[in-house]
Amino acid sequence: MAFSVTTQPVRPLDTLSFGTSGPPQITDVVTQHLRLLGARADEADAGDPSGRVTLSGGGFDPVGATATWADPASGLVDEATVQAATGVMAVHGRRDGSPRGLAVDYVATATAVVTVQGLLAGLVGQARGATSSPVTAGADRAGLLAVSQYLAAAGADEGESTELAAGGPPFTSAEGVVFELETLDPAAWAAFWRALEAPADAIRTGWRPFQFRYATACAPFPGALHTATRAHPLLRIRQAAVDSGAEVCVLRTLAERALEADGSAPWSLRPLAGGPAPTSPRPVAASSPAQPLAGLTVLEAGRRIQAPLSAHLLGLLGARVIRIEPPGGDPLRGMPPACSGVSARWLALNRGKQAVEIDIKAEGDRRRLREMAAEADVFLHNWAPGKAAEFGLDADDLASVNPALVYAYTSGWADRLQNAPMGTDFMVQARTGVGEAVRPEGETPAPSLMTLLDVLGGLHGTEAVLAGLLLRERTGCGVRVDSSLLGAADTLTGPALRRVAAGEEARRPPGFRHPLRTADGWVAPSDASAGAAASYDLRELATSDALAQLGERGLTATAVTTDLSTLHHDVRFPGVISRDAHGAPAVPDPWSFA
C-alpha cells in the first residue's frame with residue numbers, strides 16, 4: 001500500500017481504533033496495551049468465547065488477530081490446563097519437588113503480548129508494502145515458548161551438569177523476614193556466607209546450584225545455608241551483603257507495590273535527538289505477510305534471556321539478527337547440556353542469528369559498532385545501567401550516525417524505582433510482589449525459580465521494538481524504546497493490584513491451581529472444575545482413568561506434563577515441536593500469519 005509519512009509526532013497507534021472480544025484474561029491485557037499505544041477502543045463483544053481483535057484506521061487496511069487457548073481437540077480450555085500441558089507447572093514446581101500451578105495468569109498474559117506483537121508486525125509490514133494477513137496466537141504456543149530453554153535442555157544429547165531436585169531461595173531471617181539473595185560473583189557469595197558463619201562445605205557446594213538456578217528452576221543447596229540465615233537478624237544479614245558485595249531484597253507484598261505503583265506503561269518511546277531522518281527509512285517491502293520484517297537488520301548485544309529472546313522473535317518475523325558478542329564469543333554457548341557441542345539453552349534463544357565479536361572497551365571496535373549501527377534498523381541491548389553512555393553507545397550517540405535507528409534498551413528497572421536492587425529476574429519478582437502473587441493465599445511468598453520475568457520482559461521488548469518501528473514508519477524519525485522486567489512484573493500482577501485497589505484479597509484462594517495426584521502422575525482440573533474435582537481421591541487411579549472419571553462427571557482436566565522431553569510426542573501438540581540443525585528441540589512460532 002502507498003503510505004504517507006507524517007512529520008507530526010504521534011504514538012504508534014494514534015488515529016487507529018480497535019475492537020476486542022473473548023477471554024478477559026487475554027483481551028484485558030490486549031486492550032490495555034493497545035490503548036497505551038494510542039488506539040481508541042470500540043465496544044467489545046463479551047459473548048464471543050474467542051479472543052478476537054481488529055485494528056483499523058490511520059490509513060491502514062484492517063488487521064485482525066485471534067487469540068485462543070489451544071486447538072479445541074487438545075482439551076486445553078484455560079490457564080490451568082495450558083500451564084499443565086506445556087510444562088509450566090512442572091518447571092515452576094521444581095523447587096517444591098512436585099508440579100504446581102502459577103497463581104497468576106501467566107500464559108494468558110504472554111499470549112496477550114504476543115497478540116499485540118502480531119498486530120504491530122502486520123502494520124509495520126503494511127507500511128513497508130506488504131499485504132495484510134490475519135494473525136493467530138495460541139496460549140499453548142506461548143506456554144511452550146516460556147519453557148523453551150527448559151525443553152531444549154531436556155531434549156539435549158547429554159544430561160544436566162547439576163542436580164534437578166527440590167530446594168532454593170528465598171531465605172528467612174531470625175525475625176521471620178523472607179528475603180532474596182543475589183550475586184553473580186562466587187567470591188561475593190563465599191564472603192556473604194562466611195560473615196554469617198555458614199559451614200565451609202555448604203558454602204562451597206551451594207554455589208553451583210545457586211548459580212544455575214536461572215537455567216534449572218531449582219537450587220538444591222545444603223540446608224545449612226537456610227539454618228545460617230535463620231540464626232541472624234535482618235540487620236546483620238544486610239550488613240553481610242554490603243560488606244561482601246552481594247545484595248538482599250526483602251519480599252514486598254502486593255499491597256506495598258500497589259501503594260507505590262504509578263500506572264506507567266510497561267515500555268516508553270521517544271523520538272531520537274536530531275529530528276526526522278533525511279530520507280524515509282529503508283522502504284524494503286516484506287516478502288510475505290508471514291515475514292513483515294524481511295529486509296530489516298537488528299543488532300543485538302544481549303546477555304542471558306531478556307534481550308536475546310526479544311531479538312529471537314524479531315528474527316522469526318523476518319529480520320536479520322546480528323549478535324554482538326564479546327571477544328571469544330558468548331560464554332553461554334558452552335553452558336551444559338549441549339546439542340552437537342552447543343548449549344541447548346543458548347540455541348533456544350539464539351539459533352539462526354549471525355554473530356560478530358566486538359570489544360566495546362576498544363575504541364576501534366566501538367567505531368566498527370557505530371558503522372554497523374549506521375546501516376541497521378534496530379540496536380537492542382541489555383547492558384548494565386550506564387554502560388552504553390560510558391562507551392558512547394547510547395541512543396543519542398548512535399542517532400548521530402543513523403537518525404532512523406530504533407534504539408531499544410531492555411533493563412531491570414527502567415530507572416523507575418529509587419534504591420532498587422540488582423535488576424535480575426528473582427530480585428524484581430521479590431521487590432514487586434510477584435513472589436506473593438504466584439502462590440495462593442496461606443502459602444509463604446516465594447519468587448518462582450522459573451524465569452518468569454526474563455521471558456515476559458523479552459516479550460515486552462519485542463512488542464516495544466515493533467511499536468518503535470511502526471512509529472518510525474509513521475514519522476520518519478528514529479525512536480528510543482525502553483522496556484523492563486519491572487514493566488513485565490506490573491503487567492503480570494495487574495489484576496492482583498486492581499484487587500488490592502478495590503479492597504479485595506490480592507491473592508488467589510488456598511489450593512488454587514494445585515494439581516491432583518494420581519497413581520502414575522498428576523492431573524490439573526480447569527479453574528472452573530477445580531472445586532468439584534478436589535473432592536475426588538484419584539491417588540489409586542492411573543492418570544488416564546482419573547481423567548475419564550472426571551470427564552464422566554462433566555469436569556474438565558488434563559494430564560500434567562512432568563517430563564518435558566515427552567512433549568515431542570504429546571498428542572496435545574501434534575507435530576509442533578521440531579529439531580533445529582543441531583538437533584535441539586525447537587518450539588513453534590508463537591503466532592502465525594495466514
Side-chain angles (χ1 to χ4, degrees), residues 91-98 160-253 304 331-332 335-336 384 412 419-432 434-436 438-439 443-454:
V91 176
H92 172 58
R94 283 180 179 176
R95 188 222 323 259
D96 298 286
S98 62
E160 293 279 5
S161 64
T162 188
E163 183 184 12
L164 297 184
F171 300 94
T172 307
S173 72
E175 307 97 326
V177 178
V178 180
F179 66 92
E180 265 289 349
L181 170 70
E182 183 64 281
T183 179
L184 307 179
D185 181 0
W189 163 270
F192 172 81
W193 290 108
R194 282 197 299 268
L196 298 183
E197 303 169 330
D201 58 340
I203 298 172
R204 183 176 58 256
T205 58
W207 168 247
R208 187 173 181 82
F210 180 84
Q211 178 190 27
F212 274 82
R213 72 197 190 285
Y214 290 91
T216 61
C218 59
F221 46 63
L225 299 184
H226 285 289
T227 301
T229 63
R230 291 192 184 100
H232 298 287
L234 182 64
L235 183 62
R236 182 171 179 184
I237 291 168
R238 287 189 185 278
Q239 190 60 53
V242 170
D243 293 343
S244 65
E247 292 194 34
V248 298
C249 179
V250 172
L251 267 64
R252 295 289 187 98
T253 65
R304 290 187 179 265
L332 293 183
M335 174 182 280
N419 302 316
M422 191 183 304
T424 60
D425 190 309
F426 308 135
M427 295 294 263
V428 179
Q429 285 194 54
R431 178 64 178 75
T432 59
V434 174
E436 185 178 59
V438 296
R439 290 182 176 249
E443 296 186 15
T444 301
S448 176
L449 287 183
M450 180 178 167
T451 50
L452 301 181
L453 298 186
D454 273 334

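Computed from heavy atoms alone, side chains included, the values below leave out hydrogens, waters and symmetry copies. Numbers here simply count residues along the sequence, with the first being 1.
At distances below 3.5 Å, at least one donor-acceptor pair connects side-chain atoms of Arg94 with backbone N or O atoms of Thr216. Within the 3.5 Å criterion, the main-chain N or O of Asp425 finds no donor-acceptor partner in the side chain of Asp454. Checking side-chain atoms of Ser173 against main-chain N and O of Pro233 turns up no donor-acceptor pair under 3.5 Å. Distance alone, capped at 3.5 Å, is enough to place a donor-acceptor pair between the Arg236 side chain and the Ala195 backbone.
Across all non-hydrogen atoms, the minimal contact from Thr162 to Phe212 is CG2-CB, 4.0 Å. The two residues Pro445 and Val178 have their closest heavy-atom pair at O-CG1, 4.1 Å. Here the closest heavy-atom approach between residue Glu247 and residue Pro421 is recorded as OE1-CA, 3.2 Å. The shortest heavy-atom contact between Cys218 and Ala165 is CB-O, 3.2 Å. When all heavy atoms are compared, the tightest approach of Pro336 to Glu160 is O-OE1, 4.2 Å. Val438 and Ala446 get closest at one heavy-atom pair: CG2-O, 3.5 Å.
Residues Pro170 and Pro447 have side chains in contact (heavy-atom distance under 4.5 Å, counting atoms from C-beta outward). Contact annotation: the side chain of Thr432 never approaches that of Arg252 to less than 4.5 Å [non-hydrogen atoms, C-beta and beyond]. Taking the side chain as every heavy atom from C-beta outward, Leu235 and Glu175 never approach each other to under 4.5 Å. Considering only heavy atoms from C-beta on, Phe192 stays 4.5 Å or farther from Ile203 through its side chain. Using a 4.5 Å heavy-atom cutoff, the side chains of Gln429 and Leu453 are in contact.
Proximity of the aromatic rings of Phe426 and Phe210 is defined here by a centroid distance below 6.0 angstrom, and this criterion is not met.
Here the OG1 atom belonging to Thr172 is positioned 14.0 Å from the NE2 atom belonging to His232, to the nearest 0.5 angstrom. Residue Phe179 holds its CZ atom at 4.0 Å from CD1 of Ile237, rounded to the nearest 0.5 Å. Note: Thr227 OG1 to Leu196 CG = 12.0 Å, rounded to the nearest 0.5 Å. Summarising the geometry, atom CH2 belonging to Trp193 is positioned 4.5 Å from atom CG belonging to Leu225; distances are rounded to the nearest 0.5 Å. Here the CG atom belonging to Asp243 is positioned 13.5 Å from the CZ atom belonging to Arg238, to the nearest 0.5 angstrom. Rounded to the nearest 0.5 angstrom, Leu184 CG and Gln211 CD are separated by 9.0 Å.
Note on ring orientation: taking the six-membered ring where Trp is involved, the planes of Phe171 and His226 are tilted (angle from 30° to 60°).
Every side chain to side chain donor-acceptor pair (under 3.5 Å) that Ser448 has, sequence neighbours left out, goes to His92. For Glu182, the side chain to side chain donor-acceptor pair (under 3.5 Å) criterion is met by Arg213, Tyr214, Thr424, not counting sequence neighbours.
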Test side-chain contact (heavy atoms from CB on, under 4.5 Å) applied to Glu443 and Asp96, step by step: CA-CA 12 Å; Glu443 296 186 15; Asp96 298 286; over 6 Å; no
